[in-house]
Each structure stands twice: as C-alpha cells, then as structure tokens.
Amino acid sequence: MSLDCGVLECVFCLGCSRWAWKRCIYAGAYDSEQWPLANIEEFEPVPRICRNILAVYEDDLKNPKWAPTGGYGMNPDWVAKKVTYETTKGRVPPYLIYIDHDAHDIVLAIRGLNLAKESDYAVLLDNKLGKKMFDGGYVHDGLLKSASWLISAESETLKDLIKQNPSYTLTFAGHSLGSGVAAMLTLVVANNREEMGNIPRSKIRCYAIAPARCMSLNLAVRYADIINSVILQDDFLARTATPLEDIFESIFCLPCLLCIRCMKDTFMSEEKMLKDPRRLYAPGRLYHIVDRKPCG
C-alpha cells in the first residue's frame, strides 16, 4: 500500500512540476502571434485614455505629483467631477468625469484596485460562477453592482453633458478593477440608452486597461463593437482562468490554489471550458501590446 502511495505521489509531483515549468516558460507574445495588427486609427485613443485613468490618482490635477512623461495632456478646467472613496463609501473605486473638447469626448475614468482598501476586495469577492445573468449572458455580480451604483449616481450629470455636447462620444474607461466596472457600465448604458438621452450606440465606447474577466463569451463577442480591452505583454489578470474571487480567497493558501489549477488544466479540456456559458472572459475586442518576444 505504501509503495502504491509513493508511486502516486511521484506521478503527482512530476505532473505538477511539468505544469509549473510550462507556465513559467510560456510567453505572452504567443497568445497573439496569429492576430492581425491593429491600425493607427482604432488604437489612437488608447494612450490618451490611459492618461485620463492615471489622472484619477492625482489629488490635484493643477499640481500633479505622479504625471507621466509629457504630462497628462488634460485641461484641469475641463474636469466636470472628481469623486473619491469618501463619496462612494467603497461601492466603486474613485473616478472622474472629463470633457475632452479637443477629442470631442466625454470620459468617465475609473482607477484600479487599491491594495489597501478592503472595499475593493469586497467588490471582487462578490461573485460566484453563474451567479448573475445579464442580457442573455453571465457577468461578475460585484462589478455589475458597482456599475449600477455609479450610473444611478451620475446619470443626470452624464445626460446633461451629452445634451450640452451632442456630437461628442461617451467613453467609459478603467484599469484593473476599474476596467471591470467600466465594462459593466457600458453594458448597462448600451441597454438603457433612453436614460442617456437616446445616445446612439455608435457613440458609446469602453476601454478596459488590464481588464478583469467579467463577462461570458457570448457577451464579450456581442459587445466587441463598443468595448475594447488592452492587455500588456504577460499581464495575468485577463489570462487567469481562475475566478478573481477564488484568487483572493486563496491568497493565504497559494499551494492549494496552484494544485487545483494544475488538476483542472490537466484533466479538463479547453473545449469543455469554452462550452461552459458561465465562464467569464475579458470583455469585448482584445488588443495585445507586445513589447518583447521570446528568443528563437
């Protein structure tokens, strides 16, 4: 009996070692090597939107502390509203609403996960596989709740800005946790355009930077015309097949999490996982920024 157990342990350890090795040597550049290149016109807004998101982290845009090289490229007088944790009470990360008169764009930008805020973790953990349905698919429940709170709080502000600037586009943008909220906001607004003065769907956009997996595959495909996800090189958040809530719940038992992930990857086919309608994916159309490729 002890010999059998020893053999099983060896097989298990070898299998997990092989899985870990393949994970460690895998390069993100492989994911998109067969993808077509993005054209300049469709990717042009991304750097500007990234600067808008970074600006949320500043206390005072007129006296910035963390400005990127070249600055934010924003006029502080065009910030319509800036909201902090004190106002949101942890229901949604801080955000700002910016009227970009140069780009003819109304931007609602949401910051990423704050590792020091328990409320941000609470949003991520508020979900279970298949818990919440929306528009014929599945979404992350906690992120949808945050988006619902945000749109309830800012619908009048956005409606007024759209009315004042009818030719402008409406852009929702976020990083990490904020990207999931922005994607959910886009779903809600696209399905309730009458609440935004009947804004055309073609004028609604979303840019999810380092996106969280927050919607089922059918929704990700159906909203690919207005939602854009941007992934940098090997960023794990958009790739991990482990639900976000499981990652953070298991953070103190990382070996257990890795073991479970190894077993699933080994014994569950990718085809079977793709057929699960409850499984969540990065939202919309994907753009992969590759700044280095593996040798050979």
Side-chain angles (χ1 to χ4, degrees), residues 41-64 67-68 70-89 91-111 135 143-144 146-175 178-209 223 225-228 230 283-284:
E41 291 74 20
E42 62 183 310
F43 199 76
E44 179 274 331
V46 172
R48 170 175 60 85
I49 295 298
C50 287
R51 289 193 292 270
N52 293 163
I53 298 170
L54 286 172
V56 184
Y57 293 77
E58 294 284 0
D59 294 325
D60 182 5
L61 263 182
K62 293 183 178 179
N63 299 287
Y72 291 105
M74 298 169 63
N75 185 336
D77 295 330
W78 293 350
V79 176
K81 196 170 189 178
K82 193 172 188 299
V83 178
T84 64
Y85 281 109
E86 286 68 29
T87 301
T88 68
K89 305 298 183 185
R91 298 182 185 91
V92 66
Y95 60 90
L96 65 75
I97 300 175
Y98 180 68
I99 311 155
D100 192 333
H101 293 294
D102 292 331
H104 292 185
D105 194 12
I106 300 167
V107 182
L108 193 160
I110 309 166
R111 69 157 285 162
D135 193 22
L143 294 174
L144 181 62
S146 285
S148 299
W149 182 90
L150 204 163
I151 201 64
S152 295
E154 302 298 348
S155 59
E156 290 302 317
T157 300
L158 292 175
K159 189 188 298 183
D160 289 343
L161 290 175
I162 292 170
K163 187 176 180 180
Q164 296 166 19
N165 306 278
S167 64
Y168 286 22
T169 50
L170 175 62
T171 298
F172 300 110
H175 169 252
S179 71
V181 178
M184 294 297 101
L185 266 174
T186 308
L187 296 189
V188 173
V189 171
N191 281 276
N192 298 276
R193 290 185 292 110
E194 66 279 359
E195 300 293 328
M196 292 289 119
N198 287 313
I199 183 173
R201 181 184 172 103
S202 59
K203 287 185 175 292
I204 302 170
R205 299 184 303 178
C206 172
Y207 290 94
I209 312 300
Y223 286 88
D225 60 320
I226 57 176
I227 300 179
N228 306 278
V230 181

Any donor-acceptor N/O pair, S179 side chain to G174 backbone, under 3.5 Å: no

Donor-acceptor pair, side chain of N192 and main chain of E195, under 3.5 angstrom: no

Under the side chain to side chain donor-acceptor pair (under 3.5 Å) test, residues paired with Y223 that sit two or more places apart: D135, N191

Residue pair Y85, R111: steps toward the side-chain contact (heavy atoms from CB on, under 4.5 Å) verdict: CA-CA 11 Å; Y85 281 109; R111 69 157 285 162; 4.1 Å; yes

Salt bridge (charged side-chain N to carboxylate O under 4.0 Å, His left out) partners of residues 78-88, not counting sequence neighbours, each pair once: K81-E154

F172 side chain reached by V189 side chain, heavy atoms, under 4.5 Å: yes

Q164 and I99, any side-chain heavy atoms less than 4.5 Å apart: no

Inter-residue atom distance I53.CD1 - Y98.OH, 0.5 Å rounding: 14.0 Å

Whether H104 and Y168 hold their rings parallel, tilted or perpendicular, with breakpoints at 30° and 60°: parallel

Expected output: side-chain N228 to main-chain C206 donor-acceptor under 3.5 Å: yes

Intermediate values then yes/no, side-chain contact (heavy atoms from CB on, under 4.5 Å), L170 and L161: CA-CA 10 Å; L170 175 62; L161 290 175; over 6 Å; no

Side-chain heavy atoms of I162 within contact of K203, under 4.5 Å: no

Other residues, nucleotides, ligands: >12 heavy atoms within 6.0 Å of K163 NZ: no

Test item: I110 and L185 side chains (from C-beta on) under 4.5 Å apart, heavy atoms: yes

Chi angles and distances behind the side-chain contact (heavy atoms from CB on, under 4.5 Å) call for W149, K89: CA-CA 11 Å; W149 182 90; K89 305 298 183 185; over 6 Å; no

Carboxylate-amine/guanidinium proximity below 4.0 Å for R205 and D105: yes

Working for side-chain contact (heavy atoms from CB on, under 4.5 Å), residues L158 and I151: CA-CA 9 Å; L158 292 175; I151 201 64; 4.1 Å; yes

Within-4.5 Å side-chain heavy-atom neighbours: D59 and T84: no

Close side-chain approach of L187 and I227, heavy atoms under 4.5 Å: yes

Any M196 side-chain heavy atom under 4.5 Å of R193 side chain: no

Student check: side-chain heavy atoms of L150 and V83 closer than 4.5 Å: no

Nearest-0.5 Å distance that lies between atom CG in D100 and atom CD1 in I49: 7.5 Å

